[in-house]
Amino acid sequence: MTRFALAVRIVLIAAGVFILVNPAAEAANHGWSPQDLESQLMCPTCHVPLDQSDSQAAQDIRSFVQQRHDAGWSEQRTKQALIDRFGTRILAAPPFQGFDMLAWLVPSLLLLGGAGIVLGLAWQWSHRRGATAIGGEPSAPDPALAARIDADMERLD
């Protein structure tokens, strides 16, 4: 066997081990970490994200999450147990269903409506009557305004 063939086999074996180790690590960690779930939850007493709170309630919830993780519960099952206990107010982001869907849709609709108004005003402003096109000739001034300007200029001289 040549050195090149040996090197190729070693690289292929190393790649295979690397590919197999990642799913094994995920399975050992139950596919989720307590820290990831803590960032999705709110402290029920101080109303800040759980990972930023030091209250007793936050510590109790962290302990609950860690125990469920160690017991092999899924992330969704653990989250649902907390929702059953505290309601949806425990979630940092409201679920995208039912009445809570408005919390996602209303800001989006307001942003789209605002963008539409800005675009409409910009289009109207750029297409005003008498506006000068880029590189075009300026429109003729109002004769009464031109006469007033001329009179003022004569008076200043």
Side-chain angles (χ1 to χ4, degrees), residues 11 14-15 18-19 21-70 73-157:
V11 168
F18 179 74
I19 290 171
V21 167
N22 191 27
E26 284 287 320
N29 290 331
H30 313 293
W32 63 282
S33 73
Q35 293 78 20
D36 290 339
L37 185 57
E38 289 172 14
S39 67
Q40 301 171 29
L41 301 172
M42 298 292 283
C43 175
T45 56
C46 53
H47 307 293
V48 297
L50 194 66
D51 56 357
Q52 298 175 9
S53 176
D54 287 329
S55 71
Q56 184 60 44
Q59 292 173 10
D60 293 343
I61 293 171
R62 274 193 214 96
S63 174
F64 176 85
V65 169
Q66 185 64 51
Q67 289 170 0
R68 297 314 177 264
H69 179 266
D70 295 344
W73 284 31
S74 69
E75 180 180 13
Q76 186 59 38
R77 183 177 174 196
T78 305
K79 189 187 294 187
Q80 188 59 50
L82 290 167
I83 292 170
D84 293 343
R85 182 172 175 189
F86 296 102
T88 56
R89 65 187 169 92
I90 191 81
L91 300 176
F96 193 71
Q97 61 186 8
F99 185 74
D100 291 330
M101 194 181 321
L102 291 176
W104 293 96
L105 294 178
V106 169
S108 301
L109 293 175
L110 288 175
L111 283 173
L112 287 174
I117 289 171
V118 167
L119 288 174
L121 289 173
W123 183 84
Q124 185 181 20
W125 177 72
S126 67
H127 289 86
R128 261 190 309 196
R129 277 193 176 166
T132 304
I134 297 175
E137 292 296 320
S139 59
D142 181 24
L145 179 62
R148 244 177 83 198
I149 292 173
D150 289 341
D152 287 343
M153 293 300 289
E154 288 293 323
R155 201 169 31 118
L156 290 174
D157 283 336

J.: The criterion is side chain to side chain donor-acceptor pair (under 3.5 Å); which residues satisfy it with D150, sequence neighbours excluded?
T.: none
J.: Determine whether L82 and V65 satisfy the following criterion, side chain to side chain contact (heavy atoms under 4.5 Å, CB included), listing intermediate values before the conclusion.
T.: CA-CA 9 Å; L82 290 167; V65 169; 3.9 Å; yes
J.: Are H69 and W73 close enough that their ring centers fall under 6.0 Å?
T.: no
J.: List for me each residue that meets side chain to side chain donor-acceptor pair (under 3.5 Å) alongside D60, sequence neighbours excluded, and say none if there are none.
T.: Q56
J.: Shortest non-hydrogen contact from D36 to S39?
T.: O-OG, 2.7 Å
J.: Which heavy atom of W32 sits nearest to which heavy atom of S74, and what is that distance?
T.: NE1-C, 3.5 Å
J.: Check the pair E75 / T78 against side chain to side chain contact (heavy atoms under 4.5 Å, CB included), numbers first and verdict last.
T.: CA-CA 5 Å; E75 180 180 13; T78 305; 5.8 Å; no
J.: As an exercise, state the distance from CG of L37 to CD of Q66, rounded to the nearest 0.5 Å.
T.: 11.0 Å
J.: If you define the side chain from C-beta out and look only at heavy atoms, does anything of I61 sit under 4.5 Å from P44?
T.: yes
J.: Could you state the interatomic distance from OG (S53) to CD (Q59), rounded to the nearest 0.5 Å?
T.: 8.0 Å
J.: Going from CG on D51 to CD on Q40, what distance comes out if it is rounded to the nearest 0.5 angstrom?
T.: 10.0 Å
J.: Can you confirm whether M42 sits close enough to P49 that some side-chain heavy atom of one is under 4.5 Å from a side-chain heavy atom of the other?
T.: yes
J.: Could you tell me which residues satisfy side-chain contact (heavy atoms from CB on, under 4.5 Å) with I83, sequence neighbours excluded, listed by chain and number?
T.: K79, Q80, T88, I90, L91
J.: Could you check if a side-chain atom of L41 sits within less than 4.5 angstrom of a side-chain atom of E38, using non-hydrogen atoms only?
T.: no
